[in-house]
Amino acid sequence: MKYFIILFLFSSLTYSQEGGDKVEYKYKKEEYFDFDALEVQGQLLSPGDLTSNADKRVKFQIKNFIRKDFDDYIREDLIDIH
Amino acid sequence: MMKKIFILFIFQFFSINVHASYNKAAKAVSQKKYFVASVYLKRAIGRTSGKKIASLMERIVPKTGIYAFLDLSIKDLNKMGSSPVVNYVKAKKMFFLKKDKQAIKYFSKVSKGSNFYLQSLLNLASLYEINGKVSKAIKLAKKCVKLSSRGARVSPSKVRGVTAAFRAYIHDTCEILIPRAYYKQGKIKKSVAHFKRIDSRSYQFPHLLFNSSWPYFRLKNYNRAVGRNLTFQAPLLDNYFLPETEFVKAITYLRLCDYDETIKIIQNFDKNVRKKLQHFQKSFDLKTNRSFPFLDYMKTRKKKKKKYKKDFISKMYDVLAMKPGIKILEYHYKILKKEEKKTKLSDKRAFRSAKADFVKFYNMYIKVKFVGFAKEIIRVSNIMSEMELDIYTYLKNELYDKKNKKKKRRRTSKELVYNYKRKRSQHIYNFEGEFWADELGNYIPLIESSCKGKKAAF
């Protein structure tokens, strides 16, 4: 039995070697990928917008910087009066 | 018996010595050595009658200024009794300590006939305005304007080149206080009307230009708001630089959606002012509490004027040098120098003490001004940086906004800001290398709104 198994393995090896011709690999010059055709099972067919959500803009409000009075200038003037 | 004589002798000895300082002060005044007198007089407080001290102080302060007595505590000042000059010194001390209510109390006590009454009126009006009693402030300011126009007395009095200028400065400061007070009350149109009344020859003309740009902005008269601040580019006002003028220009253009111009102003401010600030702070040791010898520096600068470039430090110095406050300090300094020559050896120590007090006040006064200026630059710069960042964010969002992708914003040359009206006969003058002095402050640039069809984003 042992001899039969060894013989079988040896013969299968020799067969594969005999059957294989010199393989020439040829690569394609162009390759086309159809991404539109890629479908994923589910409700969404394609990924959504890949950009991150824009952060909520911290708005510069002019009204926060409108002068309410001139107290600092008035105080400054008094420093000049000795 | 011997004991009684001994006790009487001790009593007599100390009572003579008690009046020694006062007597020395009185003698120094008679010899016109006022700074020396001020030192002896301070030593006499609590030992001599307050009335006598106050009376002598009335003669000393017009020559030395109030600086000699500002280091006294209120307790000591109270020992002097009530007199116009004592009340004025107390009030001024309270003002510098930011104790406004007490300052108001003492300013109110300065009597009408005194040389310090006019400046007390100005101080009172200003402090009432700052502390919310605006109607009262306006009333007092109008009284101040009236009295100063009629040639009311001020201290120092009868000094050529100083008294008249100081009186005029008080007049102009009282005058500009009125529209500022109306602005605080929210009476914007009234504020504008009062700003318009002020003469362009006023000491407060540069501040008038800038201050009035705010009510114009609030009234949406953007042309005038910008025009007022553009006047600082005129040769006559070349020395003046108020950081907030750039801010007002920037927000005006921002309101009109002219983002390019806004960013140009911000970047120009950053390049020509903000970046030079560190050098300015380092040059004058502004970040520390250490005293800087400004008196010597100002003297050196005066002699070597041509050596210094016309940067904003030069401008700040030049503007400061023109103020009556500095002129009065210089007047007292001249008296100090004259007195130094005729001071005897016995009075040298007292004189040195008086001189040290004066120099300390001078240096502190200039430092306070410069520190204030530096802080103002930082404040304005920080706000403008925030503004610039937000403009870029807004513009970026506008670019990526799908709705506005294809539409191009068009500027129409014919669209003007709505409340600007020009008659057909009036020309738009381009002021290439020229300006009309009598038109100063009335220049109105032709500004177009770029916000066509859209509400201003800021």
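Labels below follow one simple rule: chain letters A, B, ... track the order of the sequence lines, proteins then strands, and each chain is numbered from 1.
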Value rounded to 0.5 Å, distance of CE in Met364(B) from CD1 in Ile79(A): 8.0 Å
At a heavy-atom separation under 4.5 Å, does Phe116(B) approach chain A through its side chain, its backbone, both, or neither? neither
Heavy-atom pairs under 4.5 Å with chain A are the metric here; pick the option from Lys184(B), Arg255(B), Gln185(B) that has the most. Lys184(B)
Check this for me, if you would: do Arg180(B) and Asp77(A) make a salt bridge, where the nitrogen-to-carboxylate-oxygen distance has to be below 4.0 angstrom? yes
Once you round to the nearest 0.5 Å, how far does CE of Met387(B) lie from CZ of Phe60(A)? 4.0 Å
Where is the tightest heavy-atom contact between Phe166(B) and Asp80(A), given as atom of each residue plus distance? CE1-O, 4.5 Å
Between chain A and each of Ala181(B), Gly325(B), Gly372(B), count heavy-atom pairs under 4.5 Å; write down the option with the most. Gly325(B)
Report which part of Leu177(B) has an atom under 4.5 Å of a heavy atom belonging to chain A: side chain, backbone, both, or neither. side chain
Region of Leu389(B) that comes under 4.5 Å of a non-hydrogen atom in chain A: neither
Contact class of Glu376(B) relative to chain A, heavy atoms under 4.5 angstrom: side chain
Evaluate side chain to side chain contact (heavy atoms under 4.5 Å, CB included) for Glu386(B) paired with Phe65(A), printing each intermediate quantity in order. CA-CA 12 Å; Glu386(B) 203 183 309; Phe65(A) 297 99; 4.1 Å; yes
Salt bridge check: are Arg75(A) and Asp100(B) linked by an N-O gap of less than 4.0 Å? yes
Can you confirm whether Lys133(B) is buried at NZ, in the sense that more than 12 heavy atoms of other residues, nucleotides or ligands lie under 6.0 Å from that atom? no
Aromatic ring pairing Tyr183(B)/Phe70(A), orientation class (parallel under 30°, perpendicular over 60°, tilted between): tilted
Where does the angle between the aromatic ring planes of His207(B) and Tyr73(A) fall among parallel (under 30°), tilted (30 to 60°) and perpendicular (over 60°)? perpendicular
With a 4.5 angstrom heavy-atom cut-off, which part of Ile66(B) approaches chain A: side chain, backbone, both or neither? side chain
Of the backbone (N, CA, C, O) and the side chain (C-beta and beyond), which part of Ser126(B) lies under 4.5 Å from a heavy atom of chain A, both, or neither? both
For Val368(B), which atoms come within 4.5 Å of any heavy atom of chain A: side chain, backbone, both, or neither? side chain
Between chain B and each of Glu76(A), Gln61(A), Lys63(A), count heavy-atom pairs under 4.5 Å; write down the option with the most. Glu76(A)
Less than 4.5 Å to any heavy atom of chain A: does that hold for the side chain of Phe210(B), its backbone, both, or neither? side chain
Among Leu78(A), Asp69(A), Ile74(A), which has the most heavy-atom pairs under 4.5 Å with chain B? Leu78(A)
Are any side-chain N or O atoms of Lys92(B) and backbone N or O atoms of Ile81(A), one a donor and one an acceptor, separated by less than 3.5 Å? yes
